[in-house]
Amino acid sequence: MKTKSNINIVASICLLAAVGSVQAALPLNPLTIPKYKDPLPMPNKLTAGKLTITASEFAQQVLPSGFSPTVVWGYNGTYPGPTIDVKRGETTTVNWINKLTEANTTLYNTVLSVDQTLNWANPLGMMVSLNIPPPYTGPVPMVTHLHGAMVSSDSDGHPEDWFTSDTSPLGKKYKYLNDQEAATLWYHDHTMGVTRLNVYAGLAGFYLLRDDFEKSLKLAGNSKDDPKYEREIVIQDKSFDVNGQLVFPSDGVNSGIHPFWIPEFFGDTIVVNGKTWPYLDVEPRRYRFHLLNGSNARFYTLNFPNGLPFWQIGTDAGLLDKPVKVSELTLAPGERADVIVDFSSAVGTEFILNNTDKAKAPFPDGDAPIPDTTGQIMKFRVGISVTKADKTFNPAKIPTPSLRADNPIVRLTKVAPAKVTTRTLTLNEVQGAGGPLKVLVNGKEFSAPITETPKEGATEIWEIVNLTADTHPIHLHLVPFQLLSRQAFDVDSYQSVYDKIDPVLQPNPEVTPYLLGQPQPPDANENGWKDTIRMNPGEVTRIAVRFAPTDTRANVLNAQFPFDVSKGPGYVWHCHIIDHEDNEMMRPYKVIRTKK
Ligand code: C2O
Ligand code: CU
Ligand code: CU
C-alpha cells in the first residue's frame with residue numbers, strides 16, 4: 001500500500017515536469033509539408049525461425065529531409081517493424097523484447113497521455129485516488145498480437161498479457177505454427193487500454209504468410225519474378241508539431257470522468273510505411289500490393305484519378321476465389337486488401353493515390369478528407385520501360401482466371417451441422433455530457449463475465465446489431481469468418497425494447513421483428529475470409545464463424561485446431577477503431593475444446 005502511494009506522488013511530479021513540453025510546440029500545418037519528396041520505404045525482411053524482436057524508442061525521418069527526425073517506437077529499430085515473411089508450416093518463434101523502459105521513452109511523458117481512468121495495463125498497480133489522475137509515465141507496458149493468426153491463446157497477445165521492460169525473464173516468447181492458408185497478416189501492440197497510444201507511436205508491422213497454392217499462381221513479386229514487384233503498404237494518419245514530433249490530443253471529451261480519452265483520433269497528415277506522402281517509382285507492368293489500414297480511427301476510400309482499377313485478389317485472411325475489379329477500395333482500420341495494379345497502360349505518367357470524399361471521418365457521416373492533405377495518400381511515377389517481360393498472373397484475362405482452382409474457399413453456408421447457434425449481439429455507445437463516455441460490445445464492459453463460449457469445430461452465426469451512429473470494424477481473434485449479409489432494421493423500435501432489459505444479465509432481444517428491407521449480400525471483394533468487417537449504423541451484420549481452421553472441408557463437423565484451443569487466457573473480439581477498443585469496445589471469448 002505504502003509503495004503504491006509513493007509511486008503516485010512520483011508520477012504526479014513527473015507530470016508537472018512533462019506538462020511544459022506537452023504544450024510547448026505549435027502544430028505543424030500539414031500544407032507546409034512538401035509531398036512526394038521521398039520514396040516509399042520498404043520494410044526490412046525477416047524469415048521464419050527463432051526470432052528476437054525488440055521494441056524501443058528512436059528517432060526516424062518520418063517527415064521529408066529538412067524536418068527533424070521524429071521520435072517513434074518501433075520493432076528492431078524501425079517503424080513500421082520488419083516484415084516477417086513465412087511459408088505455411090514453418091513454425092516461427094518470436095521472443096518479443098520490451099526495451100521501452102521508463103528512462104528511454106519520452107513519448108509517454110510528452111505526447112501520449114495514458115488515461116488511468118480507463119481499464120488499462122497499469123504496470124505500477126497504482127491506486128489512483130484523484131478524480132483526474134495525471135497521465136502515467138513509467139515503463140511502457142506492451143504485448144504483441146499477430147492479427148489474423150490462428151494461434152494458441154498463450155501466444156495471441158491477449159490484452160492482459162502485457163509486460164514491461166523490468167519483467168523477468170526479459171521478453172515474451174510466442175510460438176506461431178503458421179499452419180493456415182496464405183494471407184496478409186500484421187502484428188501490432190495490443191495492451192489493455194493503451195493500444196491506441198502504442199500503435200500510434202509506431203508499434204506495427206506486416207507478417208506475410210505464403211502457401212503452395214499462392215505460389216503456383218505466379219503472382220507479381222513471386223520468387224521467380226522480382227520481389228520488388230510486390231510491396232506492402234500501411235496507411236496511417238498522424239499529426240506533427242513544428243519540431244517534427246508526434247502530436248496526440250489529450251483533451252478528453254468528458255474530462256471530469258476520463259481526462260484524456262477521445263472517441264476517435266484523426267491525424268491531419270498521411271504517413272505510408274513510416275513516411276509522409278511518399279512516392280513509388282514503378283515500371284509499366286503489374287505489381288502486387290498488400291494494403292493495410294493501420295490507422296487509429298480513419299477509414300480510407302482509395303482511388304486512382306486516371307481510372308486505373310485495383311484487381312483485388314485477397315481479403316484480410318486469404319485469397320478470393322477470383323480477382324475482383326474495383327475502381328474504389330474502402331478500408332477500415334485493421335482491414336487489408338491484397339491487390340494487383342497493372343501500370344502498363346500508364347507508361348511515363350505520374351498520379352496520386354487519392355482518398356476520396358466518401359471516406360468521412362468519423363465514418364460514414366463525418367467530415368470529408370481535405371483534398372490537399374488527408375485526401376492524398378502517395379504518388380506513383382510510372383517509368384517508360386520494363387526491365388523484363390511481365391509473365392505474372394494476369395487478373396484481367398478473359399474469362400477471369402481462378403485464384404483457388406484446386407482449393408476453393410470452403411463456404412460456411414455449406415456446413416450443415418444439426419444445430420447452428422445464432423447469437424444476437426449489439427454494439428453500443430454510452431453518452432456522457434461532452435460526448436461518448438465509452439463504447440461497448442454487447443452492452444458489457446471487458447471485465448463482465450464471458451458470454452461467448454463457442455465449441456471447437458462448431459459453426460455459429462453472429463448477428464450483430466449496431467445501435468450506434470458509426471461504422472465499427474469488428475475483428476475476431478483466432479478465426480476469420482464470412483460475411484453473410486447486412487440488413488437495415490428499425491433502430492428506434494429495437495432500442496426501446498433493448499432499453500427495458502439489463503444487457504449484463506439478460507439476453508439481447510431478437511432483431512427479426514425489427515428488420516427492414518432485404519438482406520444485402522457482401523460486396524464481391526468482401527466475399528472471402530475476413531477477420532475485420534465493417535458494421536454500419538442502422539444495420540444488422542451477419543457473419544458465419546467456424547471455430548476451426550479455414551480449410552476444414554464443409555462435411556467435417558468436428559474439426560480441431562492443431563493446438564489446445566482451451567489453453568491460455570483465451571481470445572478477444574473487438575472494434576478495430578483502437579480508440580474504441582481501448583475504452584471497453586472489446587470482449588473476451590473462450591473456445592471450449594472438444595474431446596476426441
Ligand atoms: Cu489487430 Cu485484436 O487486433
Ligand atoms: Cu487480431
Ligand atoms: Cu468502434
Side-chain angles (χ1 to χ4, degrees), residues 80-81 142-151 153 155-162 174 176 180 183-196 198-200 203-207 209 234 236 261-266 292-299 316-317 331-336 361-364 366 425-430 436-442 446 464-481 529-537 541 545 569-589:
M142 76 162 227
V143 60
T144 314
H145 167 59
L146 178 52
H147 179 135
M150 189 179 80
V151 289
S153 80
S155 286
D156 189 48
H158 188 279
E160 288 177 316
D161 229 0
W162 55 268
Y174 279 178
Y176 306 109
Q180 62 186 91
T184 304
L185 313 185
W186 66 300
Y187 60 94
H188 60 80
D189 187 74
H190 214 301
T191 307
M192 184 63 93
V194 290
T195 296
R196 73 195 182 292
N198 292 2
V199 172
Y200 183 71
L203 295 179
F206 280 94
Y207 192 107
L209 208 153
V234 52
Q236 297 174 308
W261 179 81
I262 57 159
E264 284 105 19
F265 166 78
F266 297 113
L292 158 66
N293 180 351
S295 307
N296 282 43
R298 189 181 286 282
F299 289 52
D316 308 317
L331 288 178
E335 278 191 297
R336 288 88 72 207
F363 197 84
L425 305 158
T426 59
L427 307 178
N428 324 68
E429 193 169 273
V430 179
L437 199 56
K438 59 186 171 184
V439 210
L440 299 175
V441 174
N442 220 15
F446 187 84
I464 302 180
V465 182
N466 186 348
L467 296 171
T468 78
D470 297 321
T471 297
H472 302 272
I474 299 297
H475 168 52
L476 267 70
H477 285 209
L478 177 67
V479 278
F481 46 80
W529 288 110
K530 293 284 294 170
D531 63 34
T532 308
I533 194 97
R534 297 188 296 278
M535 302 202 171
N536 302 317
T541 306
V545 200
Y571 300 93
V572 295
W573 66 288
H574 62 87
C575 177
H576 221 291
I577 291 177
I578 49 183
D579 311 285
H580 292 180
E581 174 186 337
D582 274 349
N583 191 0
E584 299 296 343
M585 207 172 192
M586 172 163 67
R587 289 282 296 155
Y589 88 91

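Values below: all heavy atoms of this structure, side chains included; hydrogens, waters and symmetry mates excluded. All ligand and atom numbering here is 1-based and tracks the order in the structure. Everything quoted here is computed from the prediction, not taken from an experiment.
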Exercise for the section: Using atom types as modelled and distance alone, determine if a side-chain donor or acceptor of Asp189 lies under 3.5 Å from a backbone N or O of Val143. Expected result: yes
Exercise for the section: Using modelled atom types only, decide if a donor and an acceptor are shared between the side chain of Ser155 and the backbone of Tyr174 within a distance under 3.5 Å. Expected result: no
Exercise for the section: Decide whether His576 and Glu335 meet the rule of one side-chain donor and one side-chain acceptor closer than 3.5 Å. Expected result: no
Exercise for the section: Please check if any side-chain donor atom of His147 sits under 3.5 Å from a side-chain acceptor atom of Thr532, or the reverse. Expected result: yes
Handout entry: Ring-ring centroid check His574 His580, cutoff 6.0 Å
Key = no
Exercise for the section: For the residue pair Ser295 and Asn293, confirm or rule out a side-chain donor-acceptor distance under 3.5 Å. Expected result: yes
Fill in the blank from the handout: Report for the Cu ion (ligand 3), protein N, O or S closer than 2.8 Å, by chain and number, lists His472 ND1, Cys575 SG, His580 ND1
Exercise for the section: Run through Arg196, His190, His475 and flag the one making a side chain to side chain donor-acceptor pair (under 3.5 Å) with Glu581. Expected result: His190
Practice task
Everything protein-side that's N, O or S and under 2.8 Å from atom 1 (Cu) of ligand 1: list it, residue and atom.
Solution key: His147 ND1, His188 NE2, His576 NE2
Practice task
Please confirm whether the backbone N or O of Val151 pairs with a side-chain atom of Asp156, one donor and one acceptor, at under 3.5 Å?
Solution key: no
Practice task
Indicate yes or no for a side-chain donor-acceptor contact from Gln180 to the backbone of Gly148 under 3.5 Å, with no hydrogens or angles considered.
Solution key: yes
